[in-house]
Amino acid sequence: MVTLSLVLLLLSVQWSWAQEDPLLPFSEHLDSEHKVRLKWGFDEIKGTILFELTINTNGWVGFGFSPKGGMTGADVVIGGVGPDGSYFTDRHAGGNSMPVVDQQQNYKLLSLTESDGKTVMKFQRSIDSCDKDDLPITDLPMKLIYAYGQTDDITYHSNRRGTKELNLLKYMPHVNPPNSSFFDITMVNFTVPAKQTYYHCKIMKAPTFGPKQHIYRIEPVIENFDLVHHLLLYRCPPTVTEPLEAECYTGVDGECMEVVAVWGVGGGAFEFPEVAGLPIGGNVGDFFYRLEVHYNNPNKSAGRVDNSGLRFYYTSELRLHDAAVLMTGLAVAPGYAIPPKAKSFLTYSMCDTANIPKVLETPHDIQVFSAMLHTHLAGRKVRVGLFRGGEQIDLLVADENYDFEYQEVTNLGKTKTVKLDDKLLVECTYNTENRDTLTWGGFSTTDEMCLAFIFYYPAMNLSGCASFPDLTSLQSAMGATDIDSWLNIMFTKTWNDTTISEYQQTLKSIDQFITVVNSLNNASSYKGTLPDLKVIPPAPCISGCVTKSLAVLSLLTCFAVQWASF
């Protein structure tokens with residue numbers, strides 16, 4: 001019995017690991033019989049994509065991309081484990097015939113195994129095409145093709161082939177788990193004021209669920225797309241015990257700041273990975289929630305009625321982890337200004353996770369899988385750098401072409417670990433060339449924000465982790481003696497490339513108030529300075545013939561191809 005229990009425990013651990021490979025978070029069967037399974041992950045910042053293809057066969061396996069779903073113009077790889085070892089080649093197809101070996105081998109084989117009637121091929125390539133025989137992987141749906149044989153003699157595959165269209169870089173699973181349902185949290189017949197910017201808040205209880213359940217999908221329910229700019233749902237602390245509906249940030253609603261869901265203009269539905277879901281019911285069943293709707297009404301239309309909000313799909317089939325959202329970035333507070341006439345003005349804010357143990361009894365590392373980046377009209381780029389031990393080790397997420405009209409929760413492509421004591425630096429780039437006056441941090445669409453909503457698991461009882469410049473240090477650095485003299489300097493300064501650059505450097509060099517807040521609104525804050533953020537260059541195109549598990553036959557083929565190219 002002890003041996004059986006140990007075996008079951010090991011199997012359970014292995015299953016958990018298989019479900020949580022941080023480099024291969026996405027998975028789809030390419031065929032209806034579930035004999036062909038593709039797992040993948042990617043790093044858009046480094047420009048690489050990783051695949052693991054599993055096919056129920058002891059013969060050769062093939063996989064690739066096709067312009068129309070057939071062989072013509074396809075970019076494929078073929079591999080397997082034969083009597084003399086493994087073989088793997090990068091090829092292209094001109095028609096319904098044997099694909100030709102590429103002169104440049106731009107796919108890198110990482111492993112190739114065969115056991116229990118299954119062949120598993122793990123390989124990597126660049127997202128962009130490296131040569132004329134490779135197809136670039138785009139953020140649009142692509143036609144994937146596969147084929148396999150029953151032996152290692154690479155001949156006609158007969159009916160052992162297929163195609164499936166997937167959006168690899170903007171993948172969102174669409175599952176229908178058993179025992180699932182949904183509920184809506186929306187405004188009800190709310191008359192939008194005739195104001196350019198208005199934030200409306202509604203505090204309410206979510207429906208009663210009893211035992212704990214998991215939300216696995218969130219969809220926007222938008223009635224007036226021309227008015228609704230973004231939606232946020234916050235969980236309130238236990239001190240909030242009564243429903244309320246009023247303009248935001250005018251009363252008790254300001255206590256509800258733990259983000260659980262977010263939607264921005266231009267975005268769509270969002271589905272959580274298989275290993276995580278937002279918890280409802282159970283020990284969070286008695287909390288109140290605050291729905292915040294930002295209405296952007298530039299024409300100041302009167303009498304418009306709105307019922308917008310969010311739809312939550314949930315299931316009693318619990319996932320391995322509770323997910324959560326951490327709001328990071330620049331605190332939205334008075335006193336932060338972006339100068340006019342700026343081609344590219346940078347702002348910075350930092351989350352220092354070293355403060356988390358000061359507000360939580362049992363803090364832990366987090367696994368980040370998605371993010372939503374947010375600025376207003378002047379925003380052009382948003383980057384989130386990850387620092388460990390004083391050195392930048394990654395860009396957690398980046399949007400080099402931020403579009404105010406298209407904001408969505410984006411999968412990172414792989415799960416990234418943020419350890420306790422790591423720092424997250426949020427950098428926003430603004431363009432104010434067409435503005436003649438200062439742009440202030442604030443809630444209006446014509447004001448600015450710099451926020452990153454980080455989706456992660458396992459959940460912690462955190463609300464926010466943000467920073468704000470020490471205004472006393474800023475005033476002193478600019479030669480002001482108090483807030484009034486500083487405002488006078490800001491309003492009377494001639495803003496040009498030189499003064500804009502000086503102000504930007506001053507903002508970055510002064511002390512920052514860095515604050516972590518838990519779900520009960522207990523905060524820990526201290527002064528710190530900002531590290532330097534560098535852009536991580538993409539990896540060069542993967543090329544070269546030699547991989548560890550390449551067979552002698554493939555080596556000879558590759559050397560012959562390269563010799564012929566001289």
Side-chain angles (χ1 to χ4, degrees), residues 182-208 215 218-237 239-270 280 287-313 325 327 332-334 372 374-379 403-409 439-449 451 453:
F182 69 87
F183 64 92
D184 293 343
I185 293 182
T186 67
M187 296 299 170
V188 177
N189 296 327
F190 172 67
T191 302
V192 181
K195 297 181 179 180
Q196 181 173 333
T197 295
Y198 182 81
Y199 284 73
H200 194 67
C201 281
K202 182 179 179 181
I203 294 178
M204 74 211 91
K205 266 195 173 183
T208 302
I215 293 169
I218 303 174
E219 289 183 353
V221 180
I222 309 299
E223 186 171 59
N224 295 287
F225 282 95
D226 62 324
L227 293 179
V228 179
H229 173 262
H230 73 249
L231 304 167
L232 284 164
L233 186 71
Y234 302 86
R235 184 178 293 125
C236 300
T239 53
V240 177
T241 58
E242 297 292 336
L244 175 72
E245 187 165 355
E247 182 177 359
C248 296
Y249 308 110
T250 57
V252 71
D253 65 283
E255 298 180 24
C256 308
M257 293 302 296
E258 182 182 0
V259 177
V260 295
V262 57
W263 173 86
V265 60
F270 174 73
I280 53 171
F287 285 82
F288 278 77
Y289 292 82
R290 171 168 72 95
L291 176 64
E292 172 185 304
V293 182
H294 174 192
Y295 292 102
N296 182 36
N297 187 4
N299 296 324
K300 299 182 180 179
S301 301
R304 299 280 296 277
V305 176
D306 188 65
N307 293 277
S308 297
L310 295 167
R311 175 166 294 172
F312 299 88
Y313 291 84
V325 182
M327 183 167 63
V332 183
M372 179 177 170
H374 181 69
T375 77
H376 285 176
L377 291 169
D403 187 344
F404 174 77
E405 299 295 336
Y406 190 71
Q407 304 179 40
E408 63 177 346
V409 181
T439 299
W440 294 94
F443 291 100
S444 172
T445 305
T446 54
D447 294 335
E448 269 307 334
M449 295 183 177
L451 298 172
F453 298 91

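From a predicted model like this one, the values you see are computed outputs, not experimental measurements. Start at 1 with the first residue, then count along the sequence.
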Criterion side chain to side chain donor-acceptor pair (under 3.5 Å) on Asn297 and Gln196, from CA distance to verdict: CA-CA 4 Å; Asn297 187 4; Gln196 181 173 333; over 6 Å; no
For the backbone of Ser308 and the side chain of Asp306, can you confirm whether one donor and one acceptor N or O come within less than 3.5 Å of each other? yes
Search all heavy atoms of Asp403 against all heavy atoms of Gln407 and return the closest pair with its distance. O-CG, 3.9 Å
Any side-chain heavy atom of His230 within less than 4.5 Å of one from Tyr199? yes
Stepwise side chain to side chain contact (heavy atoms under 4.5 Å, CB included) test for Val265 and Val228: CA-CA 7 Å; Val265 60; Val228 179; over 6 Å; no
Could you tell me if the side chain of Met372 sits less than 4.5 Å from the side chain of Val262, heavy atoms only? yes
Where is the tightest heavy-atom contact between Gly267 and Pro220, given as atom of each residue plus distance? O-CG, 4.4 Å
Less than 4.5 Å apart, side chain to side chain, heavy atoms only: is that true for Glu247 and Tyr198? yes
Full working for ring pair (Phe, Tyr, Trp, His ring centres under 6.0 Å) between His200 and His294: CA-CA 7 Å; His200 194 67; His294 174 192; over 10 Å; no
Measure the CZ-CD1 distance between Phe270 and Ile215 for me, rounded to the nearest 0.5 Å. 12.0 Å
List the atom of Val305, the atom of Thr191, and the distance in Å for their closest heavy-atom pair. CG2-OG1, 4.0 Å
Decide yes or no for Thr197 and Tyr295: does some side-chain heavy atom of the first lie under 4.5 Å from some side-chain heavy atom of the second? no
Quick one, Thr239 with Glu255, criterion side chain to side chain donor-acceptor pair (under 3.5 Å). Give me CA distance, side-chain angles, the key distance, then yes/no. CA-CA 9 Å; Thr239 53; Glu255 298 180 24; 3.2 Å; yes
Roughly how far, to the nearest 0.5 Å, is the CG atom of Asn296 from the NZ atom of Lys195? 14.0 Å
Can you tell if the side chain of Thr186 reaches within under 4.5 Å of the side chain of Leu310, non-hydrogen atoms only? no
Look at the rings of Phe183 and Phe312 and say which category their plane angle falls in: under 30° parallel, 30 to 60° tilted, over 60° perpendicular. parallel
Please step through side chain to side chain contact (heavy atoms under 4.5 Å, CB included) for the pair Thr446 and His376, ending with a clear verdict. CA-CA 7 Å; Thr446 54; His376 285 176; over 6 Å; no
Residues Val259, Leu233; criterion side chain to side chain contact (heavy atoms under 4.5 Å, CB included); working and verdict: CA-CA 6 Å; Val259 177; Leu233 186 71; over 6 Å; no
Tell me whether Glu448 contacts the main-chain N or O of Thr375 through its side chain, where contact means a donor paired with an acceptor under 3.5 Å. no
Close side-chain approach of Lys202 and Met187, heavy atoms under 4.5 Å: yes
Specify the closest pair of heavy atoms between Phe287 and Cys236, including all atoms of both residues, with the distance to one decimal. CD2-O, 3.0 Å
Nearest 0.5 Å please: distance from the CZ atom of Phe190 over to the CG atom of Leu291. 11.0 Å
Begin from the C-alpha positions of Ile203 and Cys256 and carry the test side chain to side chain contact (heavy atoms under 4.5 Å, CB included) through to its verdict. CA-CA 9 Å; Ile203 294 178; Cys256 308; 4.2 Å; yes
Residue among Ile218, Leu231, Val409, Leu232 satisfying side-chain contact (heavy atoms from CB on, under 4.5 Å) with Trp263: Leu231
Return yes if some donor-acceptor pair links the side-chain N/O of Glu223 with the main-chain N/O of Asn307 below 3.5 Å, else return no. yes
Taking the cut-offs as 6.0 angstrom to the six-membered ring centre and 45 degrees off its axis, would you call Arg290 and Tyr234 a cation-pi pair? yes
Here the gap from Arg235 atom CZ to Tyr289 atom OH, rounded to the nearest 0.5 Å, amounts to 4.0 Å
For a 4.5 angstrom cut-off between non-hydrogen side-chain atoms, does Phe443 reach Tyr249? yes
With a 4.5 Å cut-off on side-chain heavy atoms, are Asp226 and Arg304 touching? yes
